[in-house]
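I have placed the structure first, in the form of structure tokens, so that the comments after it can refer back to it.
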Amino acid sequence: MTERRPRKDATRNRAAVFAAADTLFAECESPESVTMADIATAAGVGKATLFRAFGDRTGLIRALYEARLEPVRNAVEHGPPPLGPTTPPPKRVPALLDAVLCFKLDNRHLALALEQTGTLSPYQAGHYERWHALLRDLLERIPGTAGTGFADFTAHALLAATRADLVAHLAGEKDVPREELREQLAHFTASVIGVPTRPGPAAGG
């Protein structure tokens, strides 16, 4: 029993930290204003606990982002259409981008905080590389978007439309409604891949 307790405490602390960070990022004026001390206080844990568990603020943000992204990733890897692997590429590409957009909308300040960490290029982040590789492979199977280098560039261009800073600008500063943003992204995607489409139900949102 004594060997299992630290593991349970660590799990409980991690959940408390994630919940506190979620709230702080959702309610903040600017993601940069949320500090490790703020999160520790809100979670009811010591600041040293955060640094032991996550290394630094960037490590905490990445861990939280990956945890919140997990339901979407599971739907993409194992779920049914339109996100799952059995979906034809012309339908799956717009569904994937719609899921990314909805995730960024639901986690706007968290996504923005991750992009603002500045420790490495956002294009080298693990979650970005996974989205890009998947889109690139799907685009290679769509007539008109395949070819050496073209699918790779197109995947980057499509993902650029879901960048957290752009989403925050449009949804926050410009106050563009959620469904309008989804519709605009669907039309943009259709114009790029040449397949008419409309956004469907968002995964987890």
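Bear in mind the structure is a predicted one, so any value in this text is a computation, not a measurement.
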task: Could you give me the CA-CA distance, side-chain angles and deciding distance for Ile39 and Arg57, then say whether side-chain contact (heavy atoms from CB on, under 4.5 Å) is met?
output: CA-CA 10 Å; Ile39 296 171; Arg57 181 177 181 274; 5.8 Å; no
- request: Verify, without hydrogens or angle tests, whether Asp22 (side chain) and Ala19 (backbone) share a donor-acceptor contact under 3.5 angstrom.
  value: no
- request: Using atom types as modelled and distance alone, determine if a side-chain donor or acceptor of Lys47 lies under 3.5 Å from a backbone N or O of Ala40.
  value: no
Closest non-hydrogen atom pair, [X] against [Y]:
X	Y	value
Ala20	Ala43	CB-N, 3.7 Å
Leu83	Ala99	CD2-CB, 3.9 Å
Ser30	Ser33	O-OG, 2.6 Å
Phe18	Ala67	CE1-CB, 3.7 Å
Phe25	Pro31	CE2-O, 3.7 Å
Pro90	Ile193	O-CD1, 3.9 Å

Quick one: pull up [atom1] in [X] and [atom2] in [Y] and give me the separation to the nearest 0.5 Å.
X	Y	atom1	atom2	result
Lys91	Thr86	NZ	OG1	11.0 Å
Tyr128	His156	OH	NE2	4.5 Å
Leu101	Leu96	CG	CG	12.5 Å
His109	Ile61	NE2	CD1	12.5 Å
Glu66	Arg73	CD	CZ	5.0 Å
Asp152	Glu140	CG	CD	8.5 Å

message: Working note: Arg52 + Thr49, criterion side-chain contact (heavy atoms from CB on, under 4.5 Å); need CA distance, chi angles, decisive distance, verdict.
response: CA-CA 5 Å; Arg52 283 196 300 270; Thr49 299; 3.4 Å; yes
In this structure, would [X] and [Y] fall into the same cluster of hydrophobic residues linked by side-chain contacts under 4.5 Å?
X	Y	answer
Val176	Val100	yes
Leu185	Leu166	yes
Leu110	Leu114	yes
Met36	Leu112	no

Just wondering, do [Y] and [X] contact through their side chains at under 4.5 Å, heavy atoms?
X	Y	value
Arg92	Pro85	yes
Trp131	Val76	yes
Asn107	Leu64	no
Phe150	Leu139	no

task: Check the pair Thr162 / Phe103 against side-chain contact (heavy atoms from CB on, under 4.5 Å), numbers first and verdict last.
output: CA-CA 10 Å; Thr162 69; Phe103 178 81; over 6 Å; no
field: Parallel, tilted or perpendicular: rings of His127 and Tyr65 (30°, 60°)
entry: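 Rings of Tyr65 and His127: tilted, 30 to 60°.
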query: When you check the gap from the basic side-chain N to the acidic O, do Arg62 and Asp56 get nearer than 4.0 Å?
result: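 Salt bridge: no.
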query: Can you list the steps and then say if Val192 with Val93 is a side-chain contact (heavy atoms from CB on, under 4.5 Å)?
result: CA-CA 11 Å; Val192 172; Val93 167; over 6 Å; no
